[in-house]
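Single-structure report; data block below.
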Amino acid sequence: MKIATFNINGVKARFETLPRWLEEAKPDVALLQEIKSIDENFPREIFENLGYQVETHGQKSFNGVAILSKIPLEDVKRGLPGDDTDEQARYIEATVMAETPIRVCGLYLPNGNPTPGPKYDYKLAWMERLIARAETLLATEEPFLMAGDYNVIPQDEDATRPDAWHSDALGLPQSRAAFRRLLNLGLTEAFRACTSNAGHYSFWDYQAGSWDRNDGIRIDHFLLSPQCADLLLDCQIDKEERGRSKPSDHVPVWVDLAA
DNA sequence: ATGCCCCACTCTGTGGGA
């Protein structure tokens, strides 16, 4: 089973790019971030016609996450627990009813800039809530994964210019420490379980010719529970998507699971 | 160099992204 994550930077702007990628990459499940659409305006028919069940958690203009699945989804939950006042649509969960059912959590972790400030405080608090959610799911001992745009550069080898990010919300020691605490619960970072060398990125800024200069960062991640990591066959980044027409600034990342 | 480019929703400029 192939499960992908893709920050699409606006579903309306990706009217051609997204269906074309789905037809080529053929993921069984796609976790989408930054749909930038309310649920009512999400073009669900396009994806239903490609054989996907569509579950969205959107809001006006910003953020918004969705799950597309060719395998039936059950028990869809919208929003990250832990703060009833949080109105930003950044989290969605569902169980993929494969032969081995997998709980999938799609997330769009806050950027956190500028730092320090309230936006960075919100990021760190959001990460605490994600850690708490992971602890709850780990207690079930069922296979699950948390995937999406983490807005965290885990280590220096995950950036072309690591020094440029050391005082940025994506690369600050505190951001990296919170990401490590999530891993240290017992989660496996799928890409690093499959690939050890530097120079692999999932985001290139639209500005300053970042793609042409290969000035990238790796911020889109798959974290697998122990029972899910046992099923891991492969994890890859679809880098070439960044060079095609009307690209998002992120590219898809996917895992292949024996499920 | 708080800008470069792209997106959404328009008070066709502004706020947000990373």
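Naming convention: chains lettered A, B, ... in sequence-line order (proteins, then strands); numbering from 1 in each chain. Computed from a prediction, not measured in an experiment: that's the story for all the values here.
Judged purely by distance below 3.5 Å, without hydrogens or angles, the side chains of A:W254 and A:D238 pair a donor atom with an acceptor atom. Side-chain atoms of A:D156 and A:H166 form a donor-acceptor pair, as typed in the model, at a separation below 3.5 Å. In this model, a donor atom of one side chain and an acceptor atom of the other lie less than 3.5 Å apart for A:D220 and A:S202. A donor-acceptor contact under 3.5 angstrom links the side chains of A:T85 and A:D83, judged on distance only.
Residue-level contact check: A:D168 touches neither bases nor backbone, having no heavy atom under 4.0 Å from any strand. Backbone-only contact: A:N9 has heavy atoms under 4.0 Å from sugar-phosphate atoms and none from a base. Among the heavy atoms of the strands, none lies under 4.0 Å from A:N63. No engagement by A:D220 is indicated, since no non-hydrogen atom pair under 4.0 Å with the nucleic acid exists. Contacts of A:Y108 with the nucleic acid, taken as non-hydrogen atoms under 4.0 Å apart, involve only primed sugar atoms and P, OP1 or OP2.
Nucleotides B:dC5 and B:dC11 place their P atoms 26 Å apart, quoted to the nearest Å. Rounded to the nearest Å, the gap between the P atom of B:dT2 and that of B:dG13 is 24 Å. Using P as the reference atom, B:dC6 and B:dT10 are 23 Å apart when rounded to the nearest Å. Straight-line distance between the P atoms of B:dA18 and B:dC7: roughly 14 Å, to the nearest whole Å. Distance noted for atom P between B:dG15 and B:dA1: 24 Å (whole Å).
Looking at residues 115-128 of chain A, you'll see A:K119 sit with a heavy atom under 4.0 Å from some atom of DNA chain B. DNA chain B lies under 4.0 Å from at least one heavy atom of each of the following residues of residues 244-252 of chain A: A:K246, A:H250.
Salt-bridge formation is detected for the pair A:E93/A:R103: a Lys NZ or Arg NE/NH1/NH2 atom is positioned less than 4.0 Å from an Asp or Glu carboxylate oxygen. Using a 4.0 Å cut-off between charged side-chain N and carboxylate O, A:E16 and A:R20 make no salt bridge.
For an aromatic pair to be called close, the ring centres must be under 6.0 Å apart, and A:F47 with A:F42 satisfies this. Taking the ring centroids of A:F191 and A:H200, they lie under the 6.0 Å cut-off.
For A:Q227 (side chain) and A:P143 (main-chain N/O), no donor-acceptor pair under 3.5 Å exists by modelled atom type.
Nearer the 5' end of DNA chain B, as judged by each residue's closest nucleotide, is the contact made by A:A208, out of A:N41 and A:A208. If A:K60 and A:P114 are placed on DNA chain B by their nearest nucleotide, the residue sitting closer to the 5' end is A:P114.
First and last contacts of DNA chain B with chain A, using any nucleotide atom under 4.0 Å from a protein heavy atom and ordered 5' to 3', fall at B:dC4 to B:dA18.
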Which donor-acceptor pairs under 3.5 Å do the side chains of residues 67-76 of chain A make with protein atoms, sequence neighbours left out?
unit_1, atom_1, unit_2, atom_2, d
A:S69, OG, A:I71, N, 3.1
A:S69, OG, A:I71, O, 2.5

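Sorted by first and then second residue, the ring-ring contact (aromatic ring centres under 6.0 Å, His included) pairs involving residues 64-83 of chain A (not counting sequence neighbours) form an empty list. The stretch residues 119-129 of chain A participates, sequence neighbours left out, in these side chain to side chain donor-acceptor pair (under 3.5 Å) pairs: A:D86-A:Y122, A:D86-A:R129, A:Y120-A:S175, A:E128-A:R181.
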